[in-house]
Amino acid sequence: MEEVNNIEVVPCTDSDYLKPFRVHYNQNGTKKSWDFMRTHDSVSVLIFNTSSHCFVLVKQFRPAVFMCEWERNKSQPHQSAEKTEEGSAEAAGPESPEGQSASEGESSSAWPPASAGITYELCAGLVDKPDLSLEEIARQEVLEECGYDVPASKLKRITSYRSGVGVTGSKQTMFYAEVSDDNCVSAGGGEPREGELIEVVKVPLHEAMTFAYNERIPKTMGVIFSFIWFHNNMSPKYKISTNV
């Protein structure tokens, strides 16, 4: 999963997933404009294994996270260079690869390790199948990504909310699913034909809240929110401690 190389950043002129737009409008008499991206809504699932008292998450490489880390870190060598004497070799910009300007790309040594793009997330997927209900889409994702066969009727809807309100405004609907070892029919890992490379990760219940608030562990807001939801709604029912 962490073997990432031959990185090339190019303009995105066409995409099945993101479409950029600019909207012009008047608000309270003031003319405004806003750039946004149209994308699919999504579903996510908090999976709790009642056999092992573990939450089942997915771990995967996210190029967008990787590139954000690169953008955040790439200025550090430049800042160091500014401290050197004017005209020194250190102050000069990095030599560009042949046939590629510095603005178009960076040498492989400039990229952060692939681990910079690894995140822990809830099992999730896009709502891109109009003939299926949200529950049925969520069921498919649980089976493909985590290997558990759960009837759609057993999925409990937690809530829905807007994500990326400044850029996409898409809606995500979160479900809760209880599974057992008997429901596990495969190792999961996602759908290779769709380019997915997913590692299934189990977080013991008694470590859940420590995991959620550990800022050194890269994770989505959905993980934190869902663990808190479980603590408030399910732990009292099962008389289980989440070690808060």
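Keep in mind the model is a prediction, meaning the values are calculated, not measured. Index from 1, following the sequence.
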Within-4.5 Å side-chain heavy-atom neighbours: [X] and [Y]:
X    : Y    : result
R62  : Q60  : yes
V56  : Y148 : yes
E145 : V200 : no
E3   : N5   : yes
R139 : D149 : yes
S160 : Q172 : no
I47  : V142 : yes
F61  : T119 : no

Stepwise salt bridge (Lys or Arg N to Asp or Glu O under 4.0 Å) test for E178 and K156: CA-CA 9 Å; E178 289 188 351; K156 174 183 175 65; over 6 Å; no
For the residue pair [X] and [Y], what are the closest heavy atoms and their distance?
X    : Y    : answer
F175 : A138 : CD1-CB, 3.9 Å
C123 : C146 : CB-SG, 4.0 Å
A116 : V65  : O-CG1, 3.5 Å
A208 : V203 : CA-CG1, 4.1 Å
V58  : L122 : CG2-O, 3.7 Å
S180 : S51  : CB-OG, 3.3 Å

Which word best sums up how the rings of [X] and [Y] line up, parallel for under 30°, tilted for 30 to 60°, or perpendicular for over 60°?
X    : Y    : value
F230 : F55  : perpendicular
Y120 : F211 : perpendicular
F21  : F36  : parallel

Okay, side chain of [X], backbone of [Y]: is any donor-acceptor separation there less than 3.5 Å?
X    : Y    : result
R22  : D35  : no
N214 : T210 : no
W34  : G166 : yes
K219 : I217 : yes
N26  : G29  : no
N183 : V179 : no

Among the clusters formed by ILVMFWY side chains lying less than 4.5 Å apart, do [X] and [Y] turn up in the same one?
X    : Y    : result
V201 : V45  : no
M174 : V43  : no
V127 : I158 : no
F227 : F48  : yes

Going from [atom1] on [X] to [atom2] on [Y], what distance comes out if it is rounded to the nearest 0.5 angstrom?
X    : Y    : atom1 : atom2 : result
R38  : K19  : CZ    : NZ    : 8.5 Å
E141 : S44  : CD    : OG    : 10.5 Å
C12  : D14  : SG    : CG    : 7.0 Å
I137 : L132 : CD1   : CG    : 5.5 Å
D181 : S52  : CG    : OG    : 5.5 Å
S115 : F66  : OG    : CZ    : 9.0 Å

Could you check whether atom CG of N28 has more than 12 heavy atoms from other residues, nucleotides or ligands sitting under 6.0 Å from it?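 No.
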Does Y213 OH have over 12 foreign heavy atoms under 6.0 Å away? no
Hey, are E121 and T220 close enough side-chain-wise for a donor-acceptor pair under 3.5 Å?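 Looking only at side-chain atoms, E121 and T220 do not form any donor-acceptor pair under 3.5 Å.
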Partners of S170 by side chain to side chain contact (heavy atoms under 4.5 Å, CB included), sequence neighbours excluded?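 Only T39, D41, S163, T168 meet the side chain to side chain contact (heavy atoms under 4.5 Å, CB included) criterion with S170.
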Relative to Y176, does R157 satisfy both conditions: NZ or CZ under 6.0 angstrom from the six-membered ring centre, and within 45 degrees of the ring's axis?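 Judged by the rule, R157 and Y176 form no cation-pi pair.
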Evaluate the side chain to side chain contact (heavy atoms under 4.5 Å, CB included) criterion for residues L143 and V185: first the C-alpha distance (whole Å), next the side-chain angles of each, then the deciding distance (0.1 Å), finally the verdict. CA-CA 8 Å; L143 181 60; V185 296; 3.6 Å; yes
Evaluation steps, side chain to side chain contact (heavy atoms under 4.5 Å, CB included), between M234 and W229: CA-CA 8 Å; M234 306 305 293; W229 175 86; 3.6 Å; yes
Test side chain to side chain contact (heavy atoms under 4.5 Å, CB included) on Y161 and M221 and set out the steps. CA-CA 12 Å; Y161 47 86; M221 188 61 205; over 6 Å; no
Cationic N near anionic O, under 4.0 Å, E136 to K129: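 No salt bridge links E136 with K129.
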Candidate pair Y17 and L126, rule side chain to side chain contact (heavy atoms under 4.5 Å, CB included), full reasoning: CA-CA 9 Å; Y17 305 101; L126 298 177; 3.7 Å; yes
